[in-house]
Amino acid sequence: MDLNILAMLVWTLSGSVLLFVLMYVDSLFTKYKDFAEVKAGNMAVTTRMVMKLFAQGYVLATSISTAGHLGEALLVSVVSFIILLILESVVHFMIRTWANLDLDTGIQQGKTGYGLFSGALHIVGALIIAACL
C-alpha cells in the first residue's frame, strides 16, 4: 500500500511538472505574453490557456492509465503536445487564409469567442489523440 501512495505521489509530481513546462513552452509560441494577458484580465487568453491545460491534462491522464511506466506516459504527453502544436498552427493558417479570421490577433484583442474556438481545437485534438492510446 505504501508503494502505491509513493508511486501516486511521484506520478502526480512528474505530471504536474511536465504540464507546467508544456504550458510555458506553449506560451512561447503565441504572439502575445500569455501570463501578462491573463494577469490583465484578458478572458480570451485565459479561456484558451485553460482549455489547452485541460487538453494536455486529459492526454496525460489517459497516457498514465495506459502506460506501463512513467517515462512512457510522459513521452506520450510530450509527443501529443508537439502534435497539437503543429495541428493548431496548421488550422490557424487555414482559417486565416480561407476565412480571413486571425485567431491569434482576436485572442490578443480579448475576443472570448476566438479563445473558445482555439481552445476547442486543443480539446478535440486531445480527444482524438487519447482515443489512439
Side-chain angles (χ1 to χ4, degrees):
M1 185 71 168
D2 289 340
L3 283 176
N4 288 338
I5 291 173
L6 180 61
M8 186 172 62
L9 199 62
V10 169
W11 285 62
T12 302
L13 182 63
S14 300
S16 298
V17 169
L18 179 65
L19 285 176
F20 177 79
V21 170
L22 292 179
M23 293 307 294
Y24 176 74
V25 171
D26 179 69
S27 73
L28 299 176
F29 286 93
T30 59
K31 292 181 178 177
Y32 41 85
K33 298 184 185 298
D34 292 43
F35 296 105
E37 292 289 336
V38 169
K39 196 183 288 185
N42 185 329
M43 284 304 295
V45 172
T46 304
T47 300
R48 181 200 171 271
M49 183 179 276
V50 167
M51 293 174 86
K52 172 79 177 185
L53 179 62
F54 176 80
Q56 285 303 139
Y58 184 74
V59 170
L60 178 63
T62 303
S63 66
I64 286 174
S65 68
T66 59
H69 54 85
L70 179 60
E72 181 183 344
L74 297 178
L75 180 63
V76 167
S77 290
V78 170
V79 170
S80 71
F81 171 79
I82 294 168
I83 291 170
L84 287 175
L85 198 61
I86 293 169
L87 185 63
E88 179 187 28
S89 296
V90 170
V91 171
H92 279 214
F93 174 77
M94 290 170 39
I95 290 173
R96 187 174 43 249
T97 303
W98 293 337
N100 198 22
L101 182 66
D102 188 349
L103 289 176
D104 290 325
T105 301
I107 291 170
Q108 186 176 13
Q109 292 172 346
K111 297 177 180 174
T112 307
Y114 286 54
L116 278 169
F117 189 77
S118 184
L121 294 174
H122 289 288
I123 290 177
V124 169
L127 291 172
I128 293 169
I129 289 172
C132 297
L133 299 177

Salt bridge D26-R48, side-chain N to carboxylate O under 4.0 Å: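 A salt bridge is present here (some side-chain N lies under 4.0 Å from a carboxylate O).
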Which distance, rounded to the nearest 0.5 Å, do you find between the [atom1] of [X] and the [atom2] of [Y]?
X: L121; Y: L116; atom1: CG; atom2: CG; value: 11.0 Å
X: L13; Y: L18; atom1: CG; atom2: CG; value: 11.5 Å
X: I123; Y: L84; atom1: CD1; atom2: CG; value: 10.5 Å
X: F81; Y: L60; atom1: CZ; atom2: CG; value: 13.0 Å
X: I129; Y: Y58; atom1: CD1; atom2: OH; value: 11.5 Å
X: I128; Y: S80; atom1: CD1; atom2: OG; value: 12.5 Å

Note, T30 side chain near Q108 side chain (heavy atom, < 4.5 Å):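 No; the side chains remain at least 4.5 Å from each other.
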Hydrophobic cluster membership, V50 vs V38, 4.5 Å side-chain cutoff: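 No, V50 does not connect to V38 through the hydrophobic network.
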Shared hydrophobic cluster, I64 / V10 (ILVMFWY, side-chain heavy atoms < 4.5 Å):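 Yes, same cluster.
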Quick check: does any side chain N or O of [X] sit under 3.5 Å from a backbone N or O of [Y], one acting as donor and the other as acceptor?
X: T12; Y: L9; value: no
X: S14; Y: W11; value: no
X: S118; Y: Y114; value: no

